[in-house]
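Reviewing the structure listed below.
Letters go in sequence order (proteins before strands), and every chain restarts at 1. Since the structure is predicted, the reported quantities are computational estimates derived from the model, not experimental observations.
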2 protein chains.
Amino acid sequence: MAKETKVTIQDIAREAQVSPSTVSRVLSGNAPVVAAKREAVLTAIEALDYRPNVFAQSLASGQSLTIGVLTQRFGNPFYDGILSGILQALEPTPYSPIFGDGRWQTAVEKRALQTLLDRQVDGLIVVGGLSPEAEMLAYAQQVPLIVAAREIPGMSSQCLTIDNKKAAYEATRYLLEMGHQHIAHVTASIYYHGPITDVYQRYQGYVQALTEAGIQPDPQLLAEGDLSQQSGLMAVEKLVGRERPFTAIFAANDQMAVGVRLGLYRRGLRVPEDVSLIGFDDDHNTAYLTPPLTTVRQPAIELGQAAAEALIDLINGRQHTFDTFQASLIIRESVARRR
Amino acid sequence: MAKETKVTIQDIAREAQVSPSTVSRVLSGNAPVVAAKREAVLTAIEALDYRPNVFAQSLASGQSLTIGVLTQRFGNPFYDGILSGILQALEPTPYSPIFGDGRWQTAVEKRALQTLLDRQVDGLIVVGGLSPEAEMLAYAQQVPLIVAAREIPGMSSQCLTIDNKKAAYEATRYLLEMGHQHIAHVTASIYYHGPITDVYQRYQGYVQALTEAGIQPDPQLLAEGDLSQQSGLMAVEKLVGRERPFTAIFAANDQMAVGVRLGLYRRGLRVPEDVSLIGFDDDHNTAYLTPPLTTVRQPAIELGQAAAEALIDLINGRQHTFDTFQASLIIRESVARRR
DNA sequence: AACATATTTGAAATCGTTTTCAGAATAAGT
DNA sequence: ACTTATTCTGAAAACGATTTCAAATATGTT
């Protein structure tokens, strides 16, 4: 199948009348070469259309120029945004990303991680994930590691997160300011998903805002889903079934918010006239719901880029400090002032 | 940073009292080894927790056990579905995927492809893309290549596509059967996006259904977008601005359909009471629009899986025939019978 | 001009496997 | 028991770079 007449560094050396070592030096640039020879080498490379063999390079140098990215469940908009950012940030660098998918299953995640490690990635970015903290710390010993969208105690300098509690607090405050008193919250079960701390933090933000406003959080106004649209739909059923009046719903992510929106439609409840709705994530399509969804924007792409840049700095032993990432409330049309 | 005391094949050889060659043989299994020694090797591997160095393997064998995947614009739900399928299908194999993103820009795509090739992928899956057909054919000479979601003349046996024309035909027929006569179509500009043949085929299917029903396709009922939600929104503006009455809209993809849906909402047009709407792709969230969108489901994940399997067969010189992929109409609630 | 020092260079070792080749061990055939 | 096949096996040569080391050349000082 492959036809390629392989051009090796030897060929270049011969063509340019120098030794292979010299060719290697001009290639890597980590040792000086006199201008004339450098020129000769460069033209030879050009002439023969030489492309170094990555494996030989990696074997000899111990660097793979590859970075591993572990994600969860390809297709989740927030995570995909992060991946997209990573891809973009890596493009101008010599590093190529290689992906694994943990699918929110500890065993799968572990295998995927091992595969990545076996490929001797120079660094690893783990996006979310369920691996026990101890394991993560162990990995961090083996390889430069950045964790995105998850906070691991003991390696916080390598974790990029968004202040979920604060963002949820502000979202809830906004509802309060709009005159809502009975605010339901759709969250995700901690038992089902493992400790998805960001979802829990959002819950905490919600509670805090309520409490500060002198409102006692009502467990009857809490519904648990699993982050899917379907579960948002069912959450509405639970909520209205309980016959506790509410005028607003804060969903812990946009996917559930979308389900909630449909659930309300099914029940003949108008948004925002009867019930106000607020989501979290700013998924692509969320701006095109009817009505456009008020939500909390998470800077996913920026987060991905920052993660990639931080990792490269880490690999090269450079010091890196993160920008902190702030989520911001995107006010659209799904929240109305309570009359 | 990395601490690892490298265990090499030599260590195993010493431990098991055999030669490295023998160890290699039991590892690869492509030469017989007597049971006793095989056992010894296996236990040695176990004991020392040996993991072969991929680069040395690749260098020596000429196989990278890596397959390149070129996608366009990470974050597009249909493409992401394909990627997800590829990832799944590759998981049980020794191959790992490495990704590149062409971003729907010819130059970027070319560079991404070159990067993939430089990494000596054993095979390549190109999802969509803009590369001229001649270039694709050239790549196909260099490396086993599968193209998903695009048809390249001259290598159709390596292309997996869905019969877009037929699917669009059926979608349009469905609208006709529901009594609609004035059916608008939101398509994508061929000039902007290059020859996205699948979108063009959808247009053809639309025309065919209309013509067969004795209806002359009206250019005033055609609006061009760029596949984005935003462009769907604007398409509605164009359409109503032309003051040509219509009772149904067929959008060439779900993202535009979502935009269309919002556009109609803005105009105070109800779906489906005033205008029926049908999309194409069956994006995740499309089932949770209000009302749930009737659309055409493309089996993205299955397509991705099939692509990966086909590629592996191709790499190993096995013959492979594809299942054909049929899109199917998903009837939900955005289409009503014309009264 | 002579010496010390700094800069460039090439030869050769190395990275950790696979694979070829030929010899050793075993099995089979008469 | 003696060839003749047939399995197995190890030594050594790839694979295609990088990197160490020491030699060669250039530069600077006195």
Side-chain angles (χ1 to χ4, degrees), chain A residues 2 4-42 44-45 48-66 94 96 117-122 316, chain B residues 2 4-42 44-45 48-66 94 96 117-122 316:
Chain A
E4 356 185 350
T5 33
K6 300 265 168 150
V7 179
T8 78
I9 202 172
Q10 306 286 350
D11 301 322
I12 302 299
R14 198 173 321 114
E15 178 85 5
Q17 316 252 46
V18 298
S19 74
S21 333
T22 302
V23 178
S24 170
R25 287 190 257 260
V26 355
L27 238 41
S28 67
N30 51 25
V33 171
V34 84
K37 301 207 176 185
R38 148 175 290 108
E39 258 336 296
V41 168
L42 255 20
I45 286 179
L48 302 189
D49 187 28
Y50 164 71
R51 321 199 131 267
N53 179 314
V54 216
F55 300 120
Q57 287 189 137
S58 299
L59 179 57
S61 70
Q63 295 235 310
S64 67
L65 292 186
T66 273
S96 294
L117 257 15
D118 283 352
R119 296 202 157 255
Q120 326 242 171
V121 294
D122 289 341
N316 297 314
Chain B
E4 355 187 349
T5 33
K6 298 265 170 159
V7 180
T8 78
I9 202 172
Q10 306 286 351
D11 302 323
I12 303 299
R14 195 172 325 113
E15 177 86 7
Q17 315 254 42
V18 298
S19 74
S21 334
T22 301
V23 177
S24 170
R25 288 190 256 261
V26 354
L27 237 40
S28 69
N30 51 24
V33 171
V34 82
K37 301 206 174 183
R38 146 173 293 108
E39 256 339 293
V41 168
L42 255 21
I45 287 179
L48 303 188
D49 186 28
Y50 164 72
R51 320 201 132 262
N53 178 316
V54 218
F55 299 120
Q57 287 189 138
S58 299
L59 180 58
S61 70
Q63 296 235 311
S64 67
L65 292 186
T66 272
S96 293
L117 257 16
D118 283 352
R119 295 202 158 254
Q120 326 242 169
V121 294
D122 288 342
N316 297 315

For A:Gln10, answer base if it contacts any base atom (sugar-phosphate contacts may also be present), sugar-phosphate if it contacts only those atoms, and nothing otherwise; contact means non-hydrogen atoms under 4.0 Å.
-> nothing

Classify A:Val18 by what it touches in the nucleic acid, base, sugar-phosphate, or nothing, heavy-atom distance under 4.0 Å.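 The residue A:Val18 makes sugar-phosphate contact but no base contact.
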
Rounded to whole Å, please give me the gap between [atom1] in [X] and [atom2] in [N].
X        : N      : atom1 : atom2 : answer
B:Leu48  : C:dG16 : CG    : P     : 15 Å
B:Asp118 : D:dG16 : CG    : P     : 15 Å
A:Ile12  : D:dT18 : CD1   : P     : 12 Å
B:Lys6   : C:dG16 : NZ    : C1'   : 10 Å
A:Gln57  : D:dT19 : CD    : P     : 10 Å
A:Phe55  : C:dT17 : CZ    : C1'   : 13 Å
B:Leu59  : C:dC15 : CG    : P     : 14 Å
B:Arg14  : C:dG16 : CZ    : P     : 12 Å

*Taking DNA chain C as the partner, which of residues 32-40 of chain A come within under 4.0 angstrom of it by heavy atom?*
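Only A:Pro32, A:Val33, A:Val34, A:Lys37 qualify.
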
| said: What I want to check is whether the side chains of A:Ser21 and A:Ser24 have a donor and an acceptor closer together than 3.5 Å. | reply: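 No, no side-chain donor-acceptor contact under 3.5 Å.
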
Just by distance, with hydrogens left out, do B:Ser96 and A:Arg119 show a side-chain donor and acceptor under 3.5 Å apart? yes

Whichever of A:Ile9 and A:Arg25 has the more 5' nearest nucleotide on DNA chain D, that residue is A:Ile9

_Whichever of B:Ala56 and A:Pro20 has its nearest DNA chain D nucleotide further upstream toward 5'_ =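 Upstream on the strand: B:Ala56.
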
*Between D:dT19, C:dG16, C:dT19, spot the one nearest the side chain of B:Asn30, thanks.*
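The answer is C:dT19, which lies nearest to the side chain.
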
Any side-chain N or O of [X] less than 4.0 Å from the OP1 or OP2 oxygen of [N]?
X       : N      : answer
A:Ser24 : D:dT18 : yes
B:Ser19 : D:dG10 : yes
B:Thr22 : D:dG10 : yes

Checklist entry - Can you check whether A:Ala31's main-chain N or O pairs, donor with acceptor, with A:Arg25's side chain at less than 3.5 Å? => result no

Of all heavy-atom pairs linking A:Ala44 and A:Ala16, the shortest is CB-CB, 4.1 Å

In Å, rounded to the nearest 0.5 Å, how long is the span from [atom1] of [X] to [atom2] of [Y]?
X       : Y        : atom1 : atom2 : answer
B:Arg14 : B:Thr8   : CZ    : OG1   : 7.0 Å
A:Thr22 : A:Ile12  : OG1   : CD1   : 13.0 Å
B:Gln57 : A:Asp118 : CD    : CG    : 9.5 Å

Is it the case that the base of C:dG16 and the side chain of B:Arg51 share a donor-acceptor contact (distance under 3.5 Å, atom types as modelled)? no

Got a donor-acceptor pair under 3.5 Å from the side chain of A:Ser21 to the base of C:dA11?
yes

Audit row: A:Val18, A:Val41, side-chain contact (heavy atoms from CB on, under 4.5 Å) steps and yes/no
CA-CA 8 Å; A:Val18 298; A:Val41 168; 3.9 Å; yes

